[in-house]
Protein chains: 2
Amino acid sequence: MQEKSPIFQQIKDYLVGEIASGRWKEGELVPSEQALVRQFGVSRMTVNRAVRELTAEQVLVRRQGSGTYVAPQKYQGTLVEIRNIADEIRARGKQHTSRVLALDEKSADDTLAAEFDLEPGATLFHSLIVHFENETPVQLEDRWVNPVCAPAYLEQDFSRITPNEHLMASAPLQGATYTIEAQPAPEEEARLLAIGAGAPCLVLHRRTTSAGRVASVATMWHPGHLARFTGSV
Amino acid sequence: MQEKSPIFQQIKDYLVGEIASGRWKEGELVPSEQALVRQFGVSRMTVNRAVRELTAEQVLVRRQGSGTYVAPQKYQGTLVEIRNIADEIRARGKQHTSRVLALDEKSADDTLAAEFDLEPGATLFHSLIVHFENETPVQLEDRWVNPVCAPAYLEQDFSRITPNEHLMASAPLQGATYTIEAQPAPEEEARLLAIGAGAPCLVLHRRTTSAGRVASVATMWHPGHLARFTGSV
DNA sequence: TAGTGGTCTAGACCACAGC
DNA sequence: CTGTGGTCTAGACCACTAT
């Protein structure tokens with residue numbers, strides 16, 4: 001069972017629950033402190049603490065004299081965590097779909113071999129997938145995978161799970177290094193993302209390691225006007 | 001001059017000041033709530049709020065039954081450059097210079113006021129600086145500063161030190177949130193960075209906080225073909 | 001004007017640490 | 001045991017918004 005938590009925490013949980021469930025939508029008015037005082041039968045200071053902390057956490061927005069509202073949608077692209085794009089899209093209440101453009105096995109050229117710390121010509125798995133939010137392409141994922149780390153990679157149905165999800169399940173992730181760049185979209189990438197050639201793209205290049213091996217190298221293209229990475233220190 | 005702030009904020013400022021000045025060192029015991037109640041002549045709830053918020057901000061650590069202590073040093077986030085651009089350029093063996101295009105005092109519009117959590121019309125310091133690596137512009141830094149956190153900002157010579165360096169010396173940095181976007185360079189930004197209008201830029205927007213106040217909000221434009229953020233997890 | 005949030009008071013009881 | 005932090009109460013006054 002659940003340990004009994006402080007009242008202010010229970011109220012926070014209740015408020016967050018109403019928002020997470022979708023019953024209270026972005027921008028909507030939230031019950032006033034007085035209303036919550038009556039609803040929970042506690043003092044106003046207790047309700048105040050719950051609401052004030054959620055405001056500090058950017059879950060709610062308060063306007064003196066007016067009321068308390070559900071804060072605007074959280075930004076996307078958590079840089080620190082290794083969340084996958086499908087979760088992120090679902091977390092925003094949108095529908096995630098993906099189209100698998102390629103899923104095959106190739107030989108590593110010199111550049112790739114160097115990134116994987118393997119011999120040139122070594123076999124690598126490769127996938128090319130476009131991710132959609134509702135009907136809009138939001139990411140082109142060009143991924144290379146070390147067969148040792150995910151032997152069943154080619155047998156996955158990547159319209160149902162993301163490569164990231166499969167890799168997380170196959171090999172314990174040890175760490176990742178990434179670079180972020182702004183680049184003009186080349187012809188092919190632009191076409192797949194349904195943007196103009198040369199349009200600014202946010203390019204995330206990520207290399208993950210598992211058990212001392214390079215497990216995966218991915219280049220992810222995002223239309224500049226749709227993507228944004230956020231983080232905090 | 002400065003508006004009178006709430007008592008709990010004054011207590012926070014006092015506590016942070018003692019730490020920032022070095023009078024209270026890392027790990028040291030801080031006066032108890034009762035002591036602060038006597039010192040400031042306020043109720044315990046008010047003191048409690050000040051200390052609780054500083055605990056949430058990782059400035060203090062509390063141990064029930066024992067006391068309140070100055071928190072251990074913040075771990076240095078290896079995420080996205082908390083380092084300043086001048087150091088980075090020098091580290092690459094190139095010469096850093098900068099040109100100060102503006103250094104003045106302005107009123108906050110609604111957007112800025114919201115970011116600073118101040119009232120619209122509040123006075124903010126503003127600077128606009130181009131950073132060069134050898135003779136090439138590599139960053140356009142558009143920065144707004146809370147006068148409370150860096151009163152002497154306008155008197156600095158930013159061709160010699162960077163705004164970042166001055167801010168770090170003026171107010172203990174508690175944290176930062178940032179967003180990274182790819183955007184086409186607007187006319188003015190393109191001109192200052194000596195690139196074509198509409199060329200992809202890597203835009204870093206960073207908001208730093210100190211003692212629960214927003215100390216600084218900066219937007220940094222980098223030519224997409226010159227800039228790259230790196231990190232690891 | 002009535003309702004909202006922003007702050008503050010002067011108590012209280014509890015769990016826990018250290019002596 | 002005393003002193004600490006953790007929580008909570010039942011009021012209060014104020015500034016602000018909406019009507």
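Every value quoted in this text rests on a predicted model; they were computed, and no experiment measured them. To find a chain, count down the sequence lines: A is the first, B the second, and so on, and within it residues start at 1.
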Q.
Less than 4.0 angstrom between a side-chain N/O of A/R52 and OP1 or OP2 of C/dG6, yes or no?
A. no
Q) Considering residues, nucleotides and ligands other than B/D117, do more than 12 of their heavy atoms fall under 6.0 Å from its CG? A) no
Q.
Would you say A/R62 places a side-chain N or O within less than 4.0 Å of OP1 or OP2 belonging to C/dG6?
A. yes
(Q) So, does B/T68 get its side chain near the phosphate of D/dT4, meaning an N or O under 4.0 Å from OP1 or OP2? (A) no
(Q) Would you say that A/R44 contacts A/L36 through its side chain, given a criterion of any heavy-atom pair below 4.5 Å between the two side chains? (A) no
Q) Should the pair B/W24 and B/Y14 be assigned to parallel (<30°), tilted (30 to 60°) or perpendicular (>60°) ring geometry? A) perpendicular
Q: Walk me through it: do A/H205 and A/E181 pass the test side-chain hydrogen bond (donor to acceptor under 3.5 Å, both in side chains)?
A: CA-CA 8 Å; A/H205 188 80; A/E181 292 173 287; over 6 Å; no
Q | Nearest-nucleotide comparison on DNA chain D, the residue closer to the 5′ end among A/Y69 and B/N48 | A | B/N48
Q) What is the per-nucleotide protein-contact pattern of nucleotides 9-19 of chain C, from the 5' end, where B denotes a base atom under 4.0 Å from a protein heavy atom, S denotes such proximity for sugar-phosphate atoms only, and - denotes neither? A) BB-B--BBB--
Q. In whole Å, what is the span from the CG atom of B/L60 to the C1' atom of D/dT4?
A. 15 Å
Q) Are A/F8 and A/F40 close enough that their ring centres sit under 6.0 Å apart? A) no
Q: Check the distance between D/dC14's P and B/F8's CZ and give it to me in whole angstrom.
A: 19 Å
Q) Distance under 6.0 Å and angle within 45° of the ring axis: does B/R63 meet both against B/Y69? A) yes
Q: Please determine if B/R52 and B/E33 form a salt bridge, counting it only when a charged side-chain N lies under 4.0 Å from a carboxylate O.
A: no
**Q.** Atom-to-atom span, CD of A/Q10 to P of D/dT7 - whole angstrom
**A.** 12 Å
Q: Could you check how far CD of B/E119 sits from P of D/dC16, rounded to whole Å?
A: 10 Å
Q | Pair A/E53 + A/R49, salt bridge at N-O below 4.0 Å | A | yes
Q.
Any heavy-atom pair between the side chains of B/T219 and B/L140 that's under 4.5 Å?
A. no
Q: Find the distance A/E53:CD to C/dT7:P and express it as a whole number of Å.
A: 14 Å
(Q) Within residues 30-39 of chain A, which residues have any heavy atom lying less than 4.0 Å from an atom of DNA chain D? (A) none
